[in-house]
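First the structure, in the form of structure tokens, and then the observations on it.
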Amino acid sequence: MCLLLSRIIQANGGSPPLTYKKFLHVLSVLGEPEKPCRDVSAEDFLRCPTPADPELAYGVPSLADLGLEVQSETPWPGGETHALQRLHTHFQSQGWVSSFSKPRTVPNSLLPSTTALSPYLSLGCLSVRTFYHRLSSVYAQSKNHSLPPVSLQGQVLWREFFYTVASATPNFTKMEGNPICLQIHWYHEPESLEKWRTARTGFPWIDAIMTQLRQEGWIHHLARHAVACFLTRGDLWISWEEGMKVFEEFLLDADYSLNAGNWMWLSASAFFHKYTRIFCPVRFGRRTDPQGQYLRKYLPVLKNFPSQYIYEPWKAPKDVQLSAGCIIGKDYPCPMVCHTEASQRNLGLMRQVRTEQQKTAELTRDVTDDPMEAGLKRELQEEEELLEGAEPRSRSKRLSGSADHKSRPSSWTLETVRLSEDVT
DNA sequence: AGATCCGTTGACGGA
DNA sequence: ATCCGTCAACGGATC
């Protein structure tokens, strides 16, 4: 794997490809990944049953020993046997595998609408090569199949994409000192962060997702989008690093590279730039689950609300709240922000950050031409900003001399890395 | 250099 | 239900 990442980077001219398309191009030059040394079948694993008492057999401490609450049921029983069974179940439906298109899967179905193999991949229960080559054999039998980025194969290539970039980017899980990350002066608001973290934002769609995350350790990718956008550029304007840490804590599939990469993506800090596309915490979930079954499952306090109000229960008249047995502001929190106002304000902040970044980039370019003149320009610009009286909190931090992403700092090195060992 | 292309998954309204 | 065009508030990569 390490070898592969460095080969990709080498084939791309010494730096990691920063777009998925470019990444795919490099892969097409390098050819297919190796097969696993032996293709293990589900039957093989049926011959290797788990001992009746694993604790006794392996001396593994129980959850209770570790002081953790024992949950009677988990949707994610561990081990390769379960992983291969899950793989097998999904791959039985050739049509589903071949026509898979990620954006069309549903974030709030009661059972995962995707393979949900990520915990098994990230914990090493399932070999990604096994997955890849099983998939190839299904593709080989079908007349036509979907393609990256939306296809099932595309999903696992996203994983490799983020591994590649992460392996060659300093400070990949941080904003500061991260040359591909937009530098933003996020708000420091621990109380707001805590409301988001503990599913008390007052937006049922957001709180249900955060509840599923905390209870079960897995949420659909689009659900991750919803809560990530809400925390960062959409509503709360809190750093993606904070969200990343919470995901790291609760996600069974938490992965160094993918977690950071996707948080940068969603916060429009890197990879993704159409920051005007903001998820609405009311409408986004309602689109695919108008009855709010998902909300009723994870937020039982709201389960008796009529569908009309369940995504925005604060709009329900008092008598509706009474008969639903849930008073907003008492039994369930009021929305912590006005989404329309917050998202508009944040849109403005984001535009400001990018305008400033451009200015800084121009100045940096000037420095190479004529340092004296550029210095003067910089002074003038700073004066101008002072006169404008920009609100300090909303001003982006200056990139310390490396605003132009093309001119990377000299400390930029290709660490070819033990990362992939950490995460697979 | 400047135009052009295009990107995994928005929201909305209409067919 | 699902598909599609529009909106227009984008930026980077590419030629």
Side-chain angles (χ1 to χ4, degrees), chain A residues 12-13 15-27 99-109 112-115 118 145-162 165 179-184 205 209 219-230 232-235 258 261-262 264-291 311-312 339-362 365 369 396 403-408:
Chain A
N12 192 53
S15 65
L18 290 177
T19 65
Y20 187 77
K21 198 176 178 180
K22 196 127 182 271
F23 175 75
L24 287 182
H25 175 71
V26 176
L27 287 193
S99 62
F100 185 92
S101 179
K102 185 64 166 288
R104 297 213 174 159
T105 59
V106 175
N108 42 11
S109 55
S113 62
T114 50
T115 66
S118 55
H145 58 81
S146 51
L147 294 168
V150 300
S151 66
L152 218 42
Q153 189 196 54
Q155 303 315 297
V156 85
L157 293 180
W158 276 105
R159 177 175 177 272
E160 302 304 318
F161 170 70
F162 285 124
V165 184
I180 67 167
C181 182
L182 185 62
Q183 303 295 299
I184 295 175
W205 169 235
I209 295 168
I219 49 180
H220 184 278
H221 193 66
L222 285 175
R224 302 180 195 203
H225 280 209
V227 295
C229 183
F230 186 88
T232 58
R233 65 190 172 84
D235 294 82
L258 277 59
N262 279 304
M264 278 189 269
W265 184 294
L266 255 298
S267 61
S269 297
F271 307 112
F272 173 84
H273 310 285
K274 283 192 285 194
Y275 58 84
T276 55
R277 294 197 172 175
I278 293 175
F279 294 93
C280 172
V282 171
R283 294 186 187 87
F284 185 41
R286 195 152 60 187
R287 206 171 53 193
T288 44
D289 178 22
Q291 306 299 313
Y311 281 90
E312 36 192 353
H339 171 69
T340 314
E341 283 174 19
S343 59
Q344 283 302 306
R345 177 204 60 196
N346 294 345
L347 206 53
L349 290 179
M350 191 61 91
R351 199 173 292 126
Q352 205 174 335
V353 169
R354 283 161 192 269
T355 311
E356 279 190 39
Q357 190 209 225
Q358 264 173 7
K359 276 192 209 165
T360 315
E362 279 163 26
R365 267 199 298 279
D369 294 345
S396 76
D404 186 350
H405 292 172
K406 282 163 202 156
S407 63
R408 283 166 184 149

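In the text below, chain A, chain B and the rest are named by the order of the sequence lines, each starting its count at 1. All values below come from the heavy atoms of this structure, side chains included, with hydrogens, waters and symmetry mates left out.
Each of A:K22 and A:R351 was assigned the nucleotide of DNA chain C with the nearest heavy atom; the assignment lying further toward the 5' end belongs to A:R351. Of the residues near DNA chain C, A:T355 and A:P290, the one whose nearest nucleotide (by heavy atom distance) lies more toward the 5' end is A:P290.
Across the protein-nucleic acid pair, A:L18 atom CG and C:dA13 atom P stand 7 Å apart, rounded to whole Å. A:N346 places its CG atom 18 Å from the P atom of C:dA9, with the value rounded to the nearest Å. Between the P atom of B:dA11 and the CG atom of A:L347 lies a distance of 13 Å, rounded to the nearest Å. The interatomic distance linking A:Y275 (OH) with B:dA11 (P) rounds to 17 Å, in whole Å. Atom pair A:R233:CZ and C:dA9:P shows a separation of 17 Å (rounding to whole Å applied).
Identified under the salt bridge (Lys or Arg N to Asp or Glu O under 4.0 Å) test for residues 17-26 of chain A, with sequence neighbours left out: none. Legend: salt bridge (Lys or Arg N to Asp or Glu O under 4.0 Å) pairs involving residues 274-284 of chain A, not counting sequence neighbours: none detected.
Between C:dA9 and B:dG2, the distance separating the two P atoms is 23 Å to the nearest Å. Remark: the separation of the C1' atoms in B:dA1 and C:dA13 is 15 Å, to the nearest Å.
For DNA chain B, the stems formed by at least three consecutive Watson-Crick or G-U pairs, with both atom-pair distances below 3.5 Å, span B:2-7 with C:10-15, B:10-15 with C:2-7.
Applying the salt bridge (Lys or Arg N to Asp or Glu O under 4.0 Å) criterion to A:R286, with sequence neighbours excluded, gives A:E312. Judged as a ring-ring contact (aromatic ring centres under 6.0 Å, His included), and not counting sequence neighbours, the contacts of A:H145 are A:Y139.
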Using a 4.0 Å cut-off on protein heavy atoms (strictly under), produce a 5'-to-3' string for nucleotides 4-10 of chain B with B for base contact, S for backbone-only sugar-phosphate contact, and - for none. ---BBBB

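Dashed line: the shortest gap from a side-chain N or O of A:R283 to OP1 or OP2 of B:dC12 is under 4.0 Å.
Between the side chains of A:N108 and A:H220, no donor-acceptor pair of N or O atoms lies under 3.5 Å.
Taking the six-membered ring where the residue is Trp, A:W265 and A:W158 present perpendicular rings, their angle passing 60° and hence far from 30°.
Aromatic rings from A:F162 and A:Y20 are positioned such that their centres are separated by 6.0 Å or more.
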